[in-house]
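Notes follow once the structure below has been shown.
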Amino acid sequence: MKLTYFTLLITLICFSSFGQSKYSIKGAVTDTMATYKLVNTTITLLNQKDSTLVKYSRADVMGRFTINNLHSGQFILLITYPGYADYAEKFTLDPVHAVKDFGNVNLILKSTLLEGVIIKGKAAAITIKGDTTEFNAGSYNIQPNSRVEDLLKQLPGIQIDKDGKITAQGQKVNKVLVDGEEFFGDDPTLVTKNLRGDMIDKIQLYDKKSDQATFTGIDDGEKSKTINLKLKEDKKNGYFGNLNTGIGTKRFYENEATINIFKGKQKFAAYGALGNTNNSFGSMMSFSSVDFTDDGSGGMMVSMDVGDDLSMGSGVGGISINRNGGLHYENKWKDKYGINTNYKLGSVSTAGESNSLSIETLPGRTNISKTDQQSNSLSLNQKLDGTLNMQLDSSSTLKVSVSGSSKHNDLTDHFDSSIQRADSSYLSKSERDVTNKGDDKAFSATAFWAKKFKKKGRTVSVNMKQSLTQSIGSGYLNATNQFYNEKDVLDSISKIDQLKTNRTFKSAWNTNATYTEPISKTLSMILNYGFNLNKSSSDRKSFNKNPAGEYDILDTKYSNNFKLNQLNNNAGLILNYTKGKMVVNFGTRIVTTSFKQVDVLADSTLKRSFVNWNPQATFNYNFSRSSGLQFNYNGNTTQPGLDQIQPYRTNENPLYIVYGNPNLKPAFSSNMGISYRSFKLLTEQTLMINGNFGFTSNAITNSTFTDTAGKTTSQAINLDHKTPVNFQLNVSSGRKILGINLNLDANVGGNYSYSLSNNFLNTSKSFNYSIGPSIHKYNEQYSVSVSLMPSYNTSGNSIRGVKTSNNSYGMNGNFDLMLRLPGKTELRTNGRYQYTGKSKSFDQSISRLTWDASINKKFLKSESLVLSLTGKDLLNQNTGFNRSVYNNTINQNNSTTIQRYFLLSLAWDFNKMGGL
């Protein structure tokens with residue numbers, strides 16, 4: 001019996017040992033190139049469930065390893081060797097897979113892994129990805145509770161002015177996106193002044209293309225300079241916001257509130273602002289829902305002005321009271337659907353004054369025009385828009401956008417103007433009062449469907465848009481015009497007292513279908529076809545007074561009732577060549593257009609048809625991840641507008657009369673651009689070059705004739721024997737030395753233009769040159785930003801062989817300083833210097849320095865509560881002033897603006913990111 005039990009025990013142990021020994025692992029360890037055997041590599045086996053140690057071993061002289069006597073279960077193999085990245089792999093042992101053979105495991109050197117990695121920290125980080133420049137936010141100084149605006153100011157090639165307007169690489173930034181999505185639409189300051197700087201991971205700068213071009217990857221010429229802010233992962237959950245209230249001298253005040261709630265892909269935001277400092281939150285937003293400047297097909301539309309409120313008054317700006325508010329919501333769910341919607345409501349009431357001086361050079365004489373204008377305006381606006389993105393299936397998407405807006409305008413203008421001869425005698429005097437009240441409504445809807453086929457590169461997409469606008473308005477024109485003879489004696493007087501009404505409507509239906517097909521691995525083509533139908537009407541009437549004082553007598557001479565139908569068909573072919581670091585695409589579009597305009601009052605019809613040709617080409621070459629070259633060419637046929645062919649008959653300014661020219665021919669414009677961007681990581685050296693050159697064949701220009709009484713008539717004509725030219729070159733170079741960012745910017749621009757003045761050819765040219773340094777230093781205790789840009793401007797014209805010049809020197813400078821003192825106190829000061837030198841036309845130079853300063857006291861551990869005392873325009877030099885030259889006319893304008901005042905404000909930033 002004892003022997004039987006002993007025999008049974010031995011048998012169970014043997015079976016148990018056999019059951020364990022059948023589970024094992026094996027393999028061999030080498031380096032990445034599989035040429036070196038990694039001897040004595042540590043082999044560790046862990047449990048998947050809790051990462052506890054099961055067994056460990058070392059590789060032999062051939063780099064091989066074996067571990068036996070294992071049991072079934074789920075494990076982690078961990079292989080480590082000095083200087084190499086760790087290797088980890090999950091696996092399972094079971095009766096079916098009792099032995100796991102890992103084969104050759106290739107370890108990678110850590111130094112190899114780090115190649116191409118942009119080092120973060122305080123070292124600057126810029127990466128060039130195609131036409132996108134990407135900045136690493138962690139490489140720049142971010143103060144507690146600072147805004148994205150403060151972060152952007154540190155980036156090379158980006159400037160932000162005192163109003164928050166952003167310029168990048170010499171071009172205006174129209175959109176600032178958050179994780180690729182619009183955030184309150186078209187006011188960049190709603191992002192840059194709202195989002196915190198410490199939330200940002202990457203800043204991407206690029207030219208945003210249309211949905212169709214983004215999908216196909218082939219440029220269609222539609223571009224808008226855009227900044228995209230990529231949020232840090234830990235900043236996508238939580239809430240943050242700001243409350244700010246301030247009261248100042250001269251009855252100035254500011255009040256703002258924002259709240260933002262982020263929960264993963266879901267974002268909710270709201271803001272409200274009330275102030276009269278012209279610096280209100282959201283004051284740069286646009287309430288427009290419809291843009292008729294381009295038909296979406298690559299061919300420009302012939303347009304009819306249907307949206308301006310009688311065009312009799314324009315307002316001059318000045319001191320405004322802004323009341324703005326808005327809501328934003330976006331969400332994505334099931335990785336298939338996404339929604340982005342905004343609602344904005346605002347009103348602006350403005351009172352201002354301006355005076356302007358114009359010097360017009362004519363054959364044998366000079367006319368000097370002066371105008372004083374007082375303006376009061378009120379605008380009430382609201383807009384609702386939304387976008388829905390849908391992933392219909394694995395290969396097709398649908399994007400639907402809708403937008404609606406309404407606007408009420410109430411404008412009053414008073415003008416006092418005169419025209420004098422060079423000897424100061426008068427040609428004419430005029431006094432004019434204009435009132436306008438109008439209501440505009442607009443609606444647009446867009447659908448974009450795109451599908452990718454199984455064959456790589458084969459796609460089809462369709463874009464459709466419907467737009468509607470309506471404008472209804474009325475106003476009064478009351479004007480008195482006095483005319484003088486050559487002896488400066490009053491010769492005649494004309495008076496106008498009329499009621500004017502305006503009713504306009506426009507609808508546009510635009511479609512564009514695109515098909516792409518790969519021809520080879522490197523060559524593909526894009527075919528497109530578009531169909532556009534546009535209808536519009538404009539009924540503008542002028543009424544004179546009857547003996548009873550009522551405005552019911554129709555003035556048919558200055559009344560218009562037009563109807564317009566326009567049909568466009570366009571087709572195009574573009575070829576795209578991609579190989580290695582190079583991308584080339586080229587092609588053209590042909591657009592046929594026909595329109596029919598009916599003058600209801602005159603019972604006449606005007607018909608025209610024409611063909612537009614739009615060639616294009618782009619070339620991109622990326623030398624490395626941090627340098628790239630781009631060249632592009634676009635040719636556009638520009639058709640004359642109806643206001644040039646058959647203009648509206650108006651009497652708002654009896655001293656300036658416009659005649660139509662039904663024989664106008666299209667003009668053809670060629671535009672070429674080149675850009676080069678380079679960044680060297682070790683020296684933090686940047687170089688950005690952007691250049692543009694354009695010329696116009698068969699250009700459309702103006703022919704004006706001014707008689708001895710000062711009355712001017714104007715007509716659009718073609719100049720087929722002269723070619724207007726314009727060009728611009730911007731160069732920005734920077735380098736970091738001893739922690740200081742040193743930059744040098746240079747700009748050169750100019751143009752040649754032509755016109756006829758009193759039947760003589762007028763050649764105008766204008767050139768501007770500027771170059772200057774900037775210095776930036778940012779750390780936790782202080783920051784310094786100083787720039788200086790001297791300039792030289794040349795302008796002149798020649799009529800009948802007589803040349804005149806109007807050259808002058810100029811200067812622009814900016815400084816922004818911050819110093820943090822003990823006790824959570826901060827001093828800030830900034831200013832802007834402008835100098836415009838005297839010239840032959842203006843015998844006085846103008847210089848001004850607008851200087852602001854503030855002292856800020858921060859409270860709480862997080863420094864989120866700030867009490868500030870700010871002095872604006874301490875030197876009282878903030879005057880609205882500008883000069884310009886156009887053809888044979890020099891203009892100078894002065895307008896109302898806000899001058900010295902003091903503001904006491906209290907701001908609270910609240911923030912709990914990662915808390916939801």
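Throughout, residue positions are numbered sequentially from 1 according to the sequence presented.
The side-chain heavy atoms of V176 and I166, taken from C-beta on, include a pair separated by under 4.5 Å. Side-chain atoms of T133 and Y206, non-hydrogen and from C-beta on, never get closer than 4.5 Å to each other. V866 is not listed as a side-chain neighbour of W908, based on a closest heavy-atom distance of 4.5 Å or more. Side-chain contact between N324 and Y271 is present, with heavy atoms from C-beta onward closer than 4.5 Å. Counting only heavy atoms from C-beta outward, the side chains of E254 and L903 approach each other to under 4.5 Å. For the pair V178 and E181, the minimum side-chain heavy-atom distance is 4.5 Å or more. Put simply, the side chain of L904 reaches to within 4.5 Å of the side chain of L867, judged on heavy atoms. F240 places a side-chain heavy atom less than 4.5 Å from the side chain of N194.
Across all non-hydrogen atoms, the minimal contact from K407 to S379 is CE-OG, 3.7 Å. Across A270 and L327, no two heavy atoms sit closer than the pair CB-CD2, 3.5 Å. Here the shortest heavy-atom pairing between D745 and S732 reads OD1-OG, 2.8 Å. When all heavy atoms of A907 and N244 are compared, the closest pair comes out as CB-OD1, 3.8 Å. Residues N237 and G264 approach most closely at OD1-N, 3.0 Å, considering heavy atoms. Nearest heavy-atom pair, R147 versus T192, reported as atom, atom and distance to 0.1 Å: CB-O, 3.4 Å.
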Evaluate the criterion side chain to side chain donor-acceptor pair (under 3.5 Å) for residue pair S787 and S774; output intermediate values, then yes/no. CA-CA 4 Å; S787 64; S774 62; over 6 Å; no
Run the side chain to side chain contact (heavy atoms under 4.5 Å, CB included) test on Y782 and K777 for me, step by step, so that the C-alpha distance in whole Å, both residues' side-chain angles and the decisive distance to 0.1 Å come before the verdict. CA-CA 8 Å; Y782 66 91; K777 171 70 174 179; 3.6 Å; yes
Worked check of side chain to side chain contact (heavy atoms under 4.5 Å, CB included) between I200 and L151: CA-CA 9 Å; I200 309 304; L151 174 60; 4.1 Å; yes
Could you go step by step and tell me if M818 and Y778 meet the side chain to side chain contact (heavy atoms under 4.5 Å, CB included) rule? CA-CA 9 Å; M818 184 275 292; Y778 301 91; over 6 Å; no
Apply the test side chain to side chain contact (heavy atoms under 4.5 Å, CB included) to residues I203 and L152: give CA-CA distance (whole Å), side-chain angles for both, the deciding distance (0.1 Å), then the verdict. CA-CA 9 Å; I203 304 104; L152 294 179; 4.0 Å; yes
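Residues T387 and S401 bring a donor and an acceptor atom of their side chains to less than 3.5 Å of each other. A side-chain donor from one of Q204 and E134 sits under 3.5 Å from a side-chain acceptor of the other. Counted by atom type alone, T850 and N878 present zero donor-acceptor pairs between their side chains at under 3.5 Å. T829 and W851 share a donor-acceptor pair across their side chains, judged by distance under 3.5 Å alone. Side-chain atoms of D413 and S375 form a donor-acceptor pair, as typed in the model, at a separation below 3.5 Å. Side-chain contact, N730 with N690: no donor N or O sits under 3.5 Å from an acceptor N or O. When only modelled atom types and interatomic distance are considered, N856 and S868 share a side-chain donor-acceptor pair under 3.5 Å. A donor-acceptor contact closer than 3.5 angstrom is absent between the side chains of S444 and S467. Side-chain polar atoms of N376 and T412 form no donor-acceptor pair below 3.5 angstrom.
Other residues, nucleotides and ligands contribute only 12 or fewer heavy atoms inside 6.0 Å of the NZ atom of K332. In the displayed structure, K441 atom NZ is contacted under 6.0 Å by at most 12 heavy atoms of other residues, nucleotides or ligands. Crowding of L875 atom CG: a count of heavy atoms from other residues, nucleotides or ligands under 6.0 Å exceeding 12.
Remark: K857 qualifies as a cation-pi partner of F859 under the 6.0 Å distance and 45° angle criteria applied to the six-membered ring. Note that K250 lies outside the cation-pi zone of Y901, set by a 6.0 Å cut-off to the ring centre and a 45° limit from the axis.
Q877 places a side-chain N or O within 3.5 Å of a backbone atom of L849 that can act as its donor or acceptor partner. N260 places no side-chain N or O within donor-acceptor distance of the main-chain N or O of K267, the cut-off being under 3.5 Å.
One distance of note links CD1 of I898 with OG1 of T277; it measures 6.0 Å at 0.5 Å rounding. Taken to the nearest 0.5 Å, the CZ atom of F815 stands 12.5 Å off from the CZ atom of R832. Atom CD of residue E863 and atom CG of residue D909 lie 11.0 Å apart, to the nearest 0.5 angstrom. Taken from OG in S347 to CG in L378, the straight-line distance is 6.5 Å, to the nearest 0.5 Å. Rounded to the nearest 0.5 angstrom, D816 CG and N830 CG are separated by 5.0 Å. Atom-to-atom distance recorded for K872:NZ and T249:OG1 is 12.0 Å, nearest 0.5 angstrom.
Less than 6.0 angstrom separates the ring centroid of H328 from the ring centroid of F183.
The existence of a salt bridge linking K230 and D201 is excluded, since no basic side-chain nitrogen approaches an acidic carboxylate oxygen closer than 4.0 Å. Under 4.0 Å is where a charged nitrogen must lie from a carboxylate oxygen, and between E149 and K193 at least one such pair does. A salt bridge does not link D234 to K232: none of the charged side-chain nitrogens sits closer than 4.0 Å to a carboxylate oxygen. Between R828 and E826 there is a salt bridge, since at least one side-chain N of the basic residue sits less than 4.0 Å from a carboxylate O of the acidic one.
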